[in-house]
Every structure is written in structure tokens, then in C-alpha cells.
**Student:** 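Pasting a structure here, questions to come.
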Amino acid sequence: MRQGGLIRVIDEQRRFNRASYGKPVHYRYASNLSGKATCLDVSLGGFRLRLGRYLRPGTLMLVTLNERTSDGDPLQLKAQVTWCRGADNHHFMAGLRVYQDEPGAIQALERVTSEATLG
């Protein structure tokens, strides 16, 4: 974790309320690996995904939500896998911490969390 504005990580540690989300997302990691998942819930610190593969904690990824930025672009957030464990024979659950180093990332996550809370 680097300070000084280069990369700031919000360490969730259950400090933020979670809101049910239940929408599909797309993720990309490593140089060209990607997949689809369901984002089960969101908070101001990150989100929980249900996905079809195990991802090692510490994996950095780019998650694209089915939301748009104020410019109309797809909402993409940088995240890091904090934990991942089996959910059933074919799925895994993963907790992701969102990196807040892009302009507007905090506001975008606040908007998604707020919309998910309102239903």
C-alpha cells in the first residue's frame, strides 16, 4: 500500500455497510485473463463476487459493472482479491477491496452502493 496519493486503498474490515447488488459483472486480471461473475453485494470498500474459478488472494483485477460513469462510459474499478473460497462444486466466493486511485472512483462506488441500498 503506497501513500501520498499514488495508490490509496480503503481497507474495508467490515467498516462499511453492505448492500445487496445481485448484478452481473465482467473482470479482467493478469495480462489477458477474464471472466464473468455475479456481484452479490457492494460497500464503500469493495464487493463480493460469485464466480466460476478460484482467484488467489492478492490478485489485482479490473472489474466492469453494468453501470455508467457520468461520461457514459462503463464503470470500471480496480480491485484486489482479499479472500476466495469454494461455495459449491462449481462456484467460488471472493471478497474484493477496491483501489481508490482513479478520479471519481469513490463517488462511483458511493453511487452504486446507494442505488443498491434503495433497491
Side-chain angles (χ1 to χ4, degrees):
M1 176 181 347
R2 286 180 253 155
Q3 295 298 322
L6 292 178
I7 295 180
R8 194 179 73 193
V9 179
I10 291 181
D11 184 13
E12 183 175 12
Q13 299 299 315
R14 302 278 189 238
R15 292 185 307 182
F16 301 108
N17 292 328
R18 294 176 182 262
S20 293
Y21 190 65
K23 294 183 181 180
V25 298
H26 182 266
Y27 61 91
R28 191 173 40 152
Y29 65 104
S31 60
N32 62 356
L33 300 174
S34 64
K36 294 181 181 180
T38 301
C39 182
L40 300 174
D41 54 48
V42 297
S43 75
L44 293 180
F47 28 83
R48 183 171 55 114
L49 300 181
R50 177 181 169 94
L51 57 160
R53 67 176 61 138
Y54 176 81
L55 293 174
R56 190 178 79 211
T59 300
L60 298 175
M61 56 191 345
L62 184 65
V63 180
T64 303
L65 287 82
N66 287 331
E67 308 290 337
R68 297 287 175 177
T69 65
S70 58
D71 297 332
D73 298 323
L75 176 58
Q76 296 183 319
L77 296 169
K78 295 177 186 175
Q80 181 177 36
V81 177
T82 58
W83 57 267
C84 188
R85 60 179 167 258
D88 57 39
N89 289 338
H90 305 288
H91 293 96
F92 294 86
M93 296 289 185
L96 277 65
R97 181 182 315 151
V98 172
Y99 282 84
Q100 305 292 342
D101 63 340
E102 295 292 330
I106 293 173
Q107 292 84 2
L109 199 52
E110 286 174 342
R111 182 175 49 85
V112 170
T113 303
S114 177
E115 289 172 4
T117 301
L118 297 175

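Side-chain atoms are counted along with the backbone in the values below, which use heavy atoms only and exclude waters and symmetry mates. In this text, all values refer to a predicted model and were calculated from it rather than measured experimentally.
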**Student:** Quick check: does any side chain N or O of Gln80 sit under 3.5 Å from a backbone N or O of Gly58, one acting as donor and the other as acceptor?
**Tutor:** yes
**Student:** Where do Gly46 and Val98 come nearest, in terms of heavy atoms and distance?
**Tutor:** CA-CG2, 3.6 Å
**Student:** Locate the shortest heavy-atom distance separating Trp83 from Pro57; write the atom from each residue and the value.
**Tutor:** CA-CG, 4.1 Å
**Student:** What are the two closest heavy atoms between Leu96 and Ala79, and how far apart are they?
**Tutor:** CD2-CB, 3.7 Å
**Student:** Please name the residue in the list Val25, Val63, Leu40 that meets the side chain to side chain contact (heavy atoms under 4.5 Å, CB included) test with Phe47.
**Tutor:** Val63
**Student:** Working to the nearest 0.5 Å, report the span between CZ of Arg50 and CG of Asp88.
**Tutor:** 5.0 Å
**Student:** Got Tyr29 and Val81 here, is their nearest side-chain heavy-atom distance under 4.5 Å?
**Tutor:** no
**Student:** Would you name the heavy atoms of Phe92 and Arg53 that are closest together and state the gap between them?
**Tutor:** CD1-C, 3.3 Å
**Student:** So, does Thr82 use its side chain to make a donor-acceptor pair with the main chain of Arg97 at under 3.5 Å?
**Tutor:** no
**Student:** Mind checking the OG1-CG spacing from Thr59 to Leu33? Nearest 0.5 Å is all I need.
**Tutor:** 10.0 Å
**Student:** How long is the gap from CZ on Arg48 to CG on Leu51, to the nearest 0.5 Å?
**Tutor:** 11.5 Å
**Student:** Once you round to the nearest 0.5 Å, how far does CG of Leu77 lie from CG of Leu62?
**Tutor:** 8.0 Å
**Student:** Look up atom CG in Leu49 and atom OH in Tyr21, then write down how far apart they are to the nearest 0.5 Å.
**Tutor:** 11.0 Å
**Student:** Can you tell me how far apart SG (Cys39) and NZ (Lys23) are? Round to the nearest 0.5 Å.
**Tutor:** 9.5 Å
**Student:** Shortest non-hydrogen contact from Leu60 to Tyr99?
**Tutor:** CD2-OH, 3.6 Å
**Student:** With sequence neighbours left out, what residues match Ser34 under side-chain contact (heavy atoms from CB on, under 4.5 Å)?
**Tutor:** His26, Arg28
